[in-house]
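The next block holds one structure in the form of structure tokens; read it before the comments.
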Amino acid sequence: MESNILGRIAPNSTPIQADMIAYEGIVPKIGEYVIIEGDEGPLLGMISNVVRGAIELSRGDLLQANYYDKILDLLGSPSDWSKATIRIIGGLNGDELSGLPRSPPPTGALVRRAPKYLLSKIFVPPNGRGLRIGKLMTREDVDVYLDPNELVARHLAILAVTGGGKSNSVAVILEEILRMGGVAILFDIHSEYVGMSFSDCEHCEVEVIEPVLDPNYLSVDELASLLNISYSSAAKMYIYLKKAYKMAKTLLNKEVLIDKIDKAGIEAEKDDLLAGIQAILTLSLEEDGEELIHINSRDRDSVVGLISRIEYVRSSYGRVLRPTAGELADHLNYGKLVIVDLGQLGSDLTDVVVGKTLTTILLRAKDKKVGRGYETFPTPVLAVLEEAHTLIPPGANTYTSIAAASIAKEGRKFGVGLCLVSQRPKKLDSDVLSQMVNKIILRIVEPEDQSYVRRATEFLSEEMISYLPSLNVGEAVIVGPMIRMPALVKVRYFSGKRGGESLDAHRLWSEGLHRRLSASPDEYYGSIGD
Amino acid sequence: MRINQRMPLESIEEALISVRDHLKYLLESPSSHGREALLKSVVRRWVPLGNGDYSKIAAVDGGSNSIYFSLGEVLFIASASLFMRDTEPIRARKYQIGVLDDYYHQIRVRYCRETLEIKMLMKSLELDPEILLLDGSMLALVDRGDLATPYGYRPPYPLREIIHRVTNYIGDLASGLTSITHDLRLNEEIDRIVEDSLLDLLGMEVRRDEVRRARAFVERYEALLTLEKLLRKVISLRNVTLVGISKRSSSRAYFNERIPDMEIVRRFILENGFLEPIELRLEFPEFTGIESSYPLTLTYTKLEKGSSPLRIEILGNADIDLVRGIISSLANHSVRGYPYHLRIVHEMAKVGVDLLKHFTRNLMSPLGPVGREFLGE
């Protein structure tokens with residue numbers, strides 16, 4: 001018998017699903033692609049479930065293993081049988097995949113393993129240029145490529161438990177994008193990627209930058225967010241911030257803002273808008289001061305509170321707030337990955353930095369597209385957001401979630417793609433997640449996370465969901481228009497250098513213990529500060 | 001009184017209530033006094049198992065089924081299968097397919113199956129087994145009630161003469177692996193010989209059912225002749241023991257009580273073991289002309305604690321140590337109290353009615369109407 005023949009179709013098949021009885025000695029594998037001899041031509045299917053048994057051991061009354069011993073002692077090996085459920089993907093017109101058949105495959109139809117040439121053709125984008133993500137889990141001779149156009153246009157979510165292989169998947173995708181000359185920015189929440197580099201790629205460049213915000217580029221709403229003020233929760237503060245912001249901009253344009261800053265006795269750089277706002281409010285509050293904006297006597301407490309918040313932000317975030325520092329988006333370029341190291345930032349500031357940067361990227365891409373400037377702004381660009389659930393929680397209007405939602409809706413038109421990476425999908429805003437039409441789903445154990453992902457994913461079947469808890473590290477279900485059909489893929493190992501690998505506790509402890517034992521007590525306790 | 005009220009329209013409950021007391025009497029255990037005595041007797045005769053040293057155990061079983069082929073005719077398939085574990089599992093199976101008149105067909109199919117089984121047992125001797133297992137009772141094979149017709153049990157003509165004429169035509173009936181008297185290729189010729197014999201013996205043509213009955217005796221003769229050949233061969237070999245195992249038996253030969261021996265063992269004994277064996281004799285029916293008789297050893301056993309009892313017949317006079325050795329060896333290979341060798345051959349020999357329908361539908365012309373279609377069957 002031909003080695004690729006697996007079995008024959010059992011009765012009760014439908015146009016979308018069929019059962020296959022395997023030949024003796026054949027045990028089909030979940031995720032394996034098969035060709036079924038249909039009435040109207042061959043059909044492509046994927047094995048979604050396999051049941052296995054032994055004829056002699058199938059009796060329900062064999063409730064002790066010693067019965068199995070006795071039976072196996074006589075028989076040597078039992079008569080194995082296997083039955084597989086095949087999900088039909090579509091008809092095959094030559095090597096081309098077409099829609100679902102209108103009639104079920106005939107009972108008794110022969111089922112073969114799909115040949116390599118066919119799968120290799122199917123898992124390459126139509127134009128032949130793709131991102132090599134890995135290999136089919138059940139067919140390690142078949143490379144799987146993602147369509148970069150669809151990836152950027154329809155966005156991507158990479159979801160898995162900690163240690164499931166998210167960071168490696170991100171690194172592989174970024175590497176492939178850069179090899180193509182692509183543009184990417186990675187918001188590195190935990191400083192996992194700061195040591196990242198790509199091997200064998202001369203043009204690939206990685207720039208790790210500290211998060212900086214030029215307050216002069218911030219809108220009044222961005223400033224309000226930074227100060228944790230909103231119109232709904234602190235209307236007076238918001239109103240006076242808006243007035244002071246407007247005045248500061250006017251004075252800045254007249255290049256006299258520094259005079260006000262000096263007059264208010266505030267230490268700041270020449271064109272520091274935030275310091276200018278503080279100065280305007282301070283001077284206007286003083287009874288004998290200069291009334292740059294009118295402050296109602298009933299609102300003095302609110303203005304004092306606003307000044308306090310500005311002082312707090314300036315002192316706490318001074319390292320990040322740098323007037324004239326420019327914007328993170330300025331660093332983007334072709335063949336380059338910008339890693340924004342957010343490891344030292346609190347969540348509020350991270351939200352503003354990420355949100356501001358995403359908004360800026362989208363605005364610049366828009367301007368470029370409609371010819372309003374930024375002609376050299378590099379697009380298409382992929383923005384990757386690690387730990388996305390911390391910045392885009394369900395129902396909350398964080399600055400990042402608003403920016404991400406905008407990109408999810410409009411990014412396609414302007415060449416801005418978004419990639420969200422998360423280990424807690426259910427803590428991600430469902431609207432945003434559902435707009436990440438492409439998904440790389442690695443191991444997910446939590447049932448609520450699984451069902452959440454299922455609801456937010458167009459192409460994901462129940463069978464695919466059932467694989468998620470049993471996937472090994474680096475094994476993923478990939479769905480979405482960036483791949484021709486849903487697939488179980490073993491993501492390749494990133495060949496360059498990256499951070500984020502799981503720590504090797506045993507090795508670190510052993511090395512530490514060795515150091516302690518080989519050093520004198522004085523040296524050792526001296527080195528760790530006693 | 002309205003006509004409906006004069007007609008009986010009984011419910012099943014009413015029918016049951018009317019015979020309840022009689023049923024209770026028939027089903028109840030022996031009286032408390034008799035029960036105690038019987039219990040003591042059973043416990044006293046119950047022997048624990050030992051170590052079984054026999055490993056080369058061969059088992060044979062048969063299967064059969066029939067289906068209406070056309071009005072008045074049935075198609076049947078009978079089979080016999082063999083399993084033995086030597087250095088590797090050895091399996092064998094033989095099928096016989098035939099067509100019979102509807103009349104008497106069930107008992108005639110059984111004769112065919114028994115012939116196949118006995119011939120397979122004979123074949124299995126080539127494997128040099130230490131124990132040869134037969135599914136069923138040797139006594140039941142020979143001691144079955146004869147065929148009854150409107151003429152009674154005893155036919156008004158010498159059967160041996162008919163058998164003699166058939167064997168003269170065919171030769172050795174005990175040869176081969178299938179039933180010669182059921183061979184489709186010999187069907188018409190055997191019918192002719194039987195009809196001619198009856199005409200000669202009775203001086204008149206007989207009814208068709210009587211021809212079938214005489215034919216059935218010939219077919220049974222083949223099974224018994226083959227059995228006698230097997231018993232003789234096994235006795236002569238000495239290094240093999242033929243053991244018949246019955247899952248069900250209504251025999252009262254051991255305790256001679258109102259309830260069957262097997263039921264007594266089931267009710268009174270929990271532990272594994274066996275009853276002290278007794279001796280019986282196996283004698284062939286007179287019509288066969290086989291005059292030899294053979295000693296049999298009879299016991300009942302439970303191969304596992306709490307399992308259902310089995311009736312065990314051993315060919316020859318077996319002492320208690322031999323019986324213990326055989327039964328303990330069977331216990332070593334029992335699953336849920338039944339020797340697994342027999343389970344294997346049972347599965348191998350099974351002929352399901354679905355298989356038969358599938359077979360007739362796909363390999364032969366579609367089945368004709370048989371009258372059951374009116375009932376939706």
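Order of the sequence lines fixes the chain letters, A, B, ..., with proteins taken first and strands second; residue numbering starts at 1 for each chain. Computed from heavy atoms alone, side chains included, the values below leave out hydrogens, waters and symmetry copies.
- When heavy atoms are compared at a cutoff of 4.5 Å, A:Q64 does not approach chain B at all.
- Interface remark: B:S334 contributes backbone and side-chain atoms alike to the contact with chain A (heavy atom separation under 4.5 Å).
- Within a 6.0 Å radius of CZ in B:R248, no more than 12 heavy atoms belonging to other residues, nucleotides or ligands are found.
- The two residues B:P89 and A:G76 have their closest heavy-atom pair at CG-N, 4.4 Å.
- At a heavy-atom cut-off of under 4.5 Å, chain A is reached by B:Y340, B:H341, B:R343, B:I344 from residues 337-348 of chain B, listed in order of number.
- Within 6.0 Å of CG in A:N93 there are 12 or fewer heavy atoms belonging to other residues, nucleotides or ligands.
- Residues of residues 116-130 of chain B never come closer than 4.5 Å to chain A when only heavy atoms are counted.
- When each of B:H333, B:E88, B:R91, B:R85 is scored by its heavy-atom pairs under 4.5 Å with chain A, the top score falls to B:R85.
- Neither the backbone nor the side chain of A:N66 comes within less than 4.5 Å of any heavy atom of chain B.
- No more than 12 heavy atoms of other residues, nucleotides or ligands sit less than 6.0 Å from atom NZ of A:K83.
- When every heavy atom of B:N332 is checked against every heavy atom of A:K70, the shortest pair comes out as O-CE, 3.4 Å.
- The environment of CG in B:N51 is sparse: at most 12 heavy-atom neighbours from other residues, nucleotides or ligands sit within 6.0 Å.
- Scored by the ring-ring contact (aromatic ring centres under 6.0 Å, His included) test, A:Y33 finds A:F123 as partners (sequence neighbours excluded).
- Of residues 298-313 of chain B, those residues with a non-hydrogen atom less than 4.5 Å from any non-hydrogen atom of chain A are, in numerical order, B:E304.
- More than 12 heavy atoms of other residues, nucleotides or ligands lie within 6.0 Å of NZ in A:K490, so this atom counts as buried by the packing criterion.
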